[in-house]
Amino acid sequence: MKILVIGGGGREHALAWKLARSPKATQVYVAPGNGGTARDPDLENLPLTDVRALREWAQKEKIGLTVVGPEAPLAAGVVDEFRAHGLRIFGPTKAAAQLESSKAFSKAFMRRHGIPTADYDTFTDPAEAHAFVDRLGAPIVIKADGLAAGKGVVVAMTLQEAHDAVDFMLVDNKYGVAHNEGGARVVIEQFLEGEEASFIVLCDGKNVCALATSQDHKRLKDGDQGPNTGGMGAYSPAPVVTADVHARAMREIILPTIRGMEKDGMPYTGFLYAGLMIDAQGHPKTLEFNCRMGDPETQPILMRLKSDLVDVLGAAVDGKLDQVELEWDRRTALGVVMAAHGYPEAPRKGDAITGLPHDQDDAMVFHAGTELQDGVLRTSGGRVLCVTALADSVKQAQQRVYDVARGIHFDGAQYRHDIGHRAVKNP
């Protein structure tokens, strides 16, 4: 079977790598891919991003399965386009993808269907937003309503930070958010205490199959300090997601979401990522939904998956997820993101990357912001690489990952040295 993975980041490299390991995959294409997928002999980059051009190419090449990685093509309706022409594709429709593409839609959906989440309100007028911030006080969370590549959230610990974030998002739009309904809008919500976890499931419209639990680190610097980023590392499994928390998340969040989307006329198919905040009593609330796998959570999760991903996603496309039982490596997988100089505000591009090791069964370097220029691998984005390893414990996985990371070089490289610290503290 010929398979197409849409996207060009670390998540897509990991998906393509895992799909290519299936004996059922005759060729795996990545559109547009990156420097890492270009270097992999089992993968082929395809320089296309336009939805219609991708669909026409997939028809011509008789692609048997397409998997969508990032949010932008989903919000642009790539699933609708492919399905309208009889192509098998895994992902949510444009309407269903509003769970991610509009935070205002998502919060209203959760309120309507009784899904636990933080109290909130939505604003387009800066003066009203500032008044609401003053009323609620800090800490408080400000979210840009639209696609912001994982960076449109500010957890403001002071009122000044909150007011600055409102101006930043509503007045200046410095994140370059692709806004809904053509205008800037923010969701301002209550700050939730607890520990975050990533809860990612596969959905076929009716049935749900949970992936291994994971936890990522959003802050740039060690000790969870510095600005929020798209994610500086992740590990799986996440000890904070106990059997009880897992059952609660499925019962109170995931299943009501799938039933609610069906009831609202938008059956949900694809990956569904619920960002959870788990309080001290083990009660999860929904921070946000993403309509895709997380990045960098995908990398450690897929390192642990022993099942054939082609079979799993094929069953999901055919509405047969109730017949799937996933098999997992019992070991811990941990991934550390190596980011470019200046990330997240102004990442520098064009630095040469050296010291990359060969792929190994227990250690992989997944590429995100890289490209090949005249045979030289260079940085081309903020998050450049995700060094990922499997080991018998979190500490051993950390040791393995950092041994590999220390051998990789590019000017201005920055990465955290404490990914997985919460799991070490609370084994």
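Numbers here simply count residues along the sequence, with the first being 1. Note that the structure is a prediction, hence the values are computed from the model and not measured.
In this model, a donor atom of one side chain and an acceptor atom of the other lie less than 3.5 Å apart for K107 and T117. A donor-acceptor contact closer than 3.5 angstrom links the side chains of S393 and Q396. D403 and Q399 are not linked by any side-chain donor-acceptor pair at a separation below 3.5 angstrom, with hydrogens and angles left out of the test. Under the 3.5 Å distance criterion, with hydrogens and angles disregarded, no donor-acceptor pair is assigned to the side chains of E297 and Q215. Residues D167 and H130 have side chains that bring a donor and an acceptor to within less than 3.5 angstrom of each other.
Counting only distance, with no hydrogens or angles, the side chain of T229 and the backbone of K218 share a donor-acceptor pair below 3.5 Å. Formation of a donor-acceptor pair under 3.5 Å by the S22 side chain with backbone atoms of K24 is found in this model. A distance-only check finds no donor-acceptor pair linking the side chain of S102 to the backbone of Q98 [under 3.5 Å]. Not a single donor-acceptor pair under 3.5 Å links the side chain of E262 to the backbone N or O of G260. Judged by distance alone, with hydrogens and angles left aside, the side-chain atoms of R304 form a donor-acceptor pair with the main-chain N or O of R331 at under 3.5 Å. A donor-acceptor contact shorter than 3.5 Å is absent between the side chain of E288 and the backbone of K103. Remark: the backbone N or O of M1 is paired with a side-chain donor or acceptor of T26 at under 3.5 angstrom. A donor-acceptor pair under 3.5 Å links the side-chain atoms of H13 to the main chain of H367, judged by distance alone.
With respect to E81 and R52, no salt bridge is recorded, no charged nitrogen being found less than 4.0 Å from a carboxylate O. The residues R185 and D145 are annotated as salt-bridged, a charged nitrogen and a carboxylate oxygen being separated by less than 4.0 angstrom. With salt bridges taken as basic N to acidic carboxylate O contacts below 4.0 Å, one links D224 and R416. A salt bridge does not link D204 with K206: none of the charged nitrogens is closer than 4.0 Å to a carboxylate oxygen.
Below 30°, between 30° and 60°, or above 60°: for F109 and F105 the angle between ring planes is below 30°, a parallel geometry. Aromatic ring pairs are classed by plane angle as parallel below 30°, tilted from 30° to 60° and perpendicular above 60°; the pair W17 and F366 is perpendicular.
With rounding to the nearest 0.5 angstrom, the CD atom of E325 is 9.0 Å from the OG atom of S307. With rounding to the nearest 0.5 Å, the separation of OH in Y235 from NE2 in H421 is 7.5 Å.
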Would you sort out whether T37 and D40 count as a side chain to side chain contact (heavy atoms under 4.5 Å, CB included), showing the intermediate values?
CA-CA 5 Å; T37 53; D40 189 326; 5.5 Å; no
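Here F271 and F90 bring their ring centres to under 6.0 angstrom of each other. Residues Y273 and F289 keep their aromatic ring centres 6.0 Å or farther apart. For H417 and Y415, the gap between ring centers is short of 6.0 Å.
Not counting sequence neighbours, the partners of R330 by the salt bridge (Lys or Arg N to Asp or Glu O under 4.0 Å) test are D392.
Residue pairs meeting the salt bridge (charged side-chain N to carboxylate O under 4.0 Å, His left out) criterion with at least one member in residues 263-284, sequence neighbours excluded, are R112-D264.
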